[in-house]
Amino acid sequence: MPTSGDYTSRVIFGVLLLGALVGFAWTLMVYVKRIIKCREEEAIPNPFARLFDWRAYADVVQYWLLQWRVKDPPGAGYKHVHTSIHHLVIFWGFLVITMGTTEYLIQGLWPAFSYERFAGSTLTLTFKYALDITNLLVIGVIGWSVFRRVVLKPRLIPMNFDAALILGMILALCFSHFMAHGAHYAASVKAGDPALATVFMKVAGAIYAGGSMSYLHAHAGVAWWAHVLIVLFFMNYIPYSKHVHLVGALPNIFFRNRGQLGIMPKVELEMEDEDDEDDEAEPNWGVERYEQFSWKSMLDNYACTECARCTNYCPAYNTDKPLSPMKLVHDLRYASRDRGDLLSALEVAHAAADTEEIAALEEKLENLKPLVAEGAEDDPSLGYVDTETLWSCTTCGACQENCPVFIEHPMKILEMRTNLVLAQESMPQELANAFKGIERNMNPWGIGMDSRMDWIEEDTPVLDEDEPIEFEYLFFVGCAGSFDNRSQKQSHALLKVMKAAGVKVAIAPEEVCCGDPGRRSGNEFIFQMMAEQNIETFNTYGVKKIVTFCPHCFHTLKNEYPQFGGEYEVLHHSEVIADLIAEGRLDLPRSGESQTVVYHDSCYMGRWNKIYDEPRDVVNAIGGTRLIELDRNGQHSFCCGAGGGRFWMEEETPRVNENRAKEIIDTLPAAGGVVALNCPFCTTMITDGLKAFDADEKIQVLDIAEMVAAALPDEETVEADE
């Protein structure tokens with residue numbers, strides 16, 4: 001460490017410190033330039049307003065400082081997800097060590113500085129104990145981390161050069177701390193004026209007790225220089241390493257989306273000025289180039305902690321599909337690096353009017369590999385992201401739900417899908433067939449629109465402009481409930497339950513597909529056409545409240561129709577039935593035939609809309625039921641495999657629905673039981689999954705409305721009719 005009279009060392013240190021700070025600031029500026037090239041974020045129309053929002057600072061304290069999501073225990077049933085408690089020790093330890101390092105850095109310029117000089121001996125000694133204990137804990141955890149990576153070898157967390165270098169530098173910081181303070185304490189004892197020290201410093205100092213003063217000062221100096229040089233190098237290595245999240249995580253949490261999740265941004269399908277021939281004025285049909293993402297979506301990619309939770313919870317990855325949400329985030333970051341830096345250089349060249357440089361940079365941009373390309377998984381030279389990676393996603397939201405820094409992986413996938421479909425006309429053939437069905441017959445099955453109402457009974461209330469009827473809820477049946485024979489039973493069951501409770505519902509014969517299969521599969525054109533047509537129908541009949549038993553219809557009508565002026569109170573039937581039971585309007589028998597029931601959380605009800613309790617309340621209200629939980633339940637539920645348009649696509653084995661069905665079989669008694677659910681697509685997928693194991697006869701798959709309808713006493717139904 002430089003002394004008061006050692007001006008040469010102080011100048012050298014000052015130059016190194018300034019250079020490190022300038023280098024770090026320059027890297028941050030490069031990253032900021034890449035991010036601000038992206039489009040605005042619809043969920044955050046005014047980023048500067050966050051500076052005056054106390055909730056953003058509370059988020060930073062809760063999720064960054066206290067690491068609230070990192071400490072979440074792993075979901076049962078996910079064998080590759082492990083506890084991250086050890087990371088908390090490293091993170092909090094690093095914060096404390098940084099406070100100690102700050103004293104070192106100040107002493108490099110002002111050797112006489114010490115915390116004791118300003119805080120007093122008692123407070124300083126307390127801090128020194130905290131610092132020493134923290135360093136010891138971090139040394140222990142680093143040892144565990146090395147053992148974990150080298151011996152236990154958890155999936156997706158390898159011991160590579162980057163990890164070894166970072167762990168090694170943190171370890172070196174801890175040891176250099178004890179070396180510097182130990183030698184310094186030994187020197188102070190030899191000088192007859194013992195420095196303020198902890199028992200750990202005294203132990204470290206005992207190692208140097210026999211050394212001469214020059215030897216002690218030399219060792220303290222070497223340890224000090226090693227410590228500060230590691231810190232300065234680490235500061236500039238972080239942005240280029242797996243620890244880039246130390247830079248990106250805090251702002252990503254600060255700007256996290258606190259509103260409704262899973263809302264796709266509205267795509268402007270036409271230019272505002274049709275006479276504008278500027279290519280940049282073309283409609284933004286999804287994402288083809290990295291800068292077409294929102295700035296928040298791109299900031300996500302610099303916040304990734306590489307904990308691998310997103311991938312380890314992903315149903316696609318867990319069934320051997322070519323989708324790793326963590327790898328996707330990294331690939332998008334690489335794309336922003338390659339293209340973003342070229343765009344920045346091009347701006348500089350334009351400002352300097354350097355035509356030769358402009359031409360060279362434009363050629364490099366032209367030859368840069370595309371963001372998305374078929375076969376990129378096997379040959380990265382073709383593109384950053386493979387098309388099959390995008391089509392593997394079920395949009396279940398497990399990756400986003402379990403990310404400790406609020407990265408929104410599914411939205412990136414959906415926006416790239418939109419570009420594939422709208423701009424490149426690239427999609428799986430099965431989806432193309434579903435799109436044709438929607439375009440021609442307003443439903444993905446492609447069944448004639450004129451048969452949409454064939455399932456109804458004579459006394460079913462149907463809206464008619466010429467003969468208005470009184471109704472409280474519009475029952476939005478959806479395509480599955482209208483055309484799929486199995487789902488039609490769910491439609492009848494819900495009508496029976498509503499009728500028994502005295503709730504007036506009606507059906508609009510002009511109803512068409514809600515548009516979810518189109519939008520989640522990239523066909524925004526179909527979605528907007530369906531949405532506008534449904535909204536016109538709803539407004540014609542003066543609809544105020546809508547009930548539906550399809551979570552996909554529920555999410556779309558409730559959260560995405562407002563983009564087109566469709567503001568309605570939309571409820572899922574599990575919410576309505578739970579309320580009716582709580583109000584005493586459905587007097588279910590307290591006893592009945594005993595049956596063991598497991599409840600399957602649908603992704604669009606659970607993770608996307610946080611509705612977990614109401615369906616369970618309904619099941620528990622039915623006499624004779626004994627509800628038990630699957631290992632993977634609630635926010636950690638496992639997808640059925642149908643979401644994101646996957647219902648219409650072929651899937652290679654192992655299949656997502658079979659994975660879930662196996663868990664159901666293993667959880668229920670050998671004699672069988674009931675799977676309760678609240679989604680027509682889950683019903684089909686789980687049923688098919690059980691068939692693969694020849695378990696469909698001993699295990700019933702029932703919608704909660706069917707269970708309630710079956711439990712209703714016949715006389716209560718008659719009384720309600722009267």
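All figures in this text were calculated on a predicted structure; none of them were measured in a lab. Only heavy atoms go into these numbers, but all of them, side chains included; no hydrogens, no water, no symmetry mates.
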- prompt: Looking only at side chains, do D703 and H573 share a donor and an acceptor under 3.5 Å apart?
  reply: yes

More than 12 heavy atoms from other groups under 6.0 Å of NZ on K504: no

message: So does N443 get a backbone contact from the side chain of N441, meaning a donor-acceptor N/O pair under 3.5 Å?
response: no

task: Determine whether more than 12 heavy atoms belonging to other residues, nucleotides or ligands lie under 6.0 Å from atom CZ of R440.
output: no

message: Looking at K321 and E651, is any side-chain nitrogen of the basic one under 4.0 Å from a carboxylate oxygen of the acidic one?
response: yes

message: Pairing donors with acceptors under 3.5 angstrom, does anything connect the side chains of H636 and N402?
response: yes

- prompt: Taking the six-membered ring of Y78, is NZ or CZ of R632 closer than 6.0 Å to its centre and within 45° of its axis?
  reply: yes

- prompt: Between D300 and N252, is any side-chain donor less than 3.5 angstrom from a side-chain acceptor?
  reply: yes

field: CD (E583) with more than 12 external heavy atoms under 6.0 Å
entry: yes

field: Whether H572 side chain and N678 backbone form a donor-acceptor pair below 3.5 Å
entry: yes

Crowding at CD, E40 (>12 non-hydrogen neighbours, <6.0 Å): no

query: Relative to W68, does K71 satisfy both conditions: NZ or CZ under 6.0 angstrom from the six-membered ring centre, and within 45 degrees of the ring's axis?
result: yes

message: How about NZ on K698, more than 12 heavy atoms from neighbouring residues, nucleotides or ligands closer than 6.0 Å, or not?
response: yes

T596 and R626: side chain donor to acceptor below 3.5 Å: yes

- request: Identify whether the distance between the nearest side-chain nitrogen and carboxylate oxygen of R660 and E663 falls below 4.0 Å.
  value: yes

- request: Please determine if R258 and D53 form a salt bridge, counting it only when a charged side-chain N lies under 4.0 Å from a carboxylate O.
  value: yes

query: Do any N or O atoms from the side chain of N534 and from the backbone of C513 form a donor-acceptor pair under 3.5 angstrom?
result: yes

message: Regarding E629 and R616, does a basic nitrogen lie under 4.0 Å from an acidic carboxylate oxygen?
response: yes

- prompt: What about the rings of Y561 and Y568, do their centers lie closer together than 6.0 Å?
  reply: no

task: Report yes or no: does K558 contribute a side-chain atom to a donor-acceptor pair with the main-chain N or O of L571 at less than 3.5 Å?
output: no

Output field: ring centroids Y604/F681 closer than 6.0 Å: no

- request: Evaluate whether atom OH of Y612 has more than 12 neighbouring non-hydrogen atoms of other residues, nucleotides or ligands under 6.0 angstrom away.
  value: yes

field: Short N-O contact, E401 and R309, less than 4.0 angstrom
entry: no

- prompt: Should the pair R486-E706 be classified as a salt bridge under the 4.0 Å nitrogen-to-oxygen rule?
  reply: yes

Side chain E575, main chain E614, donor-acceptor under 3.5 Å: no

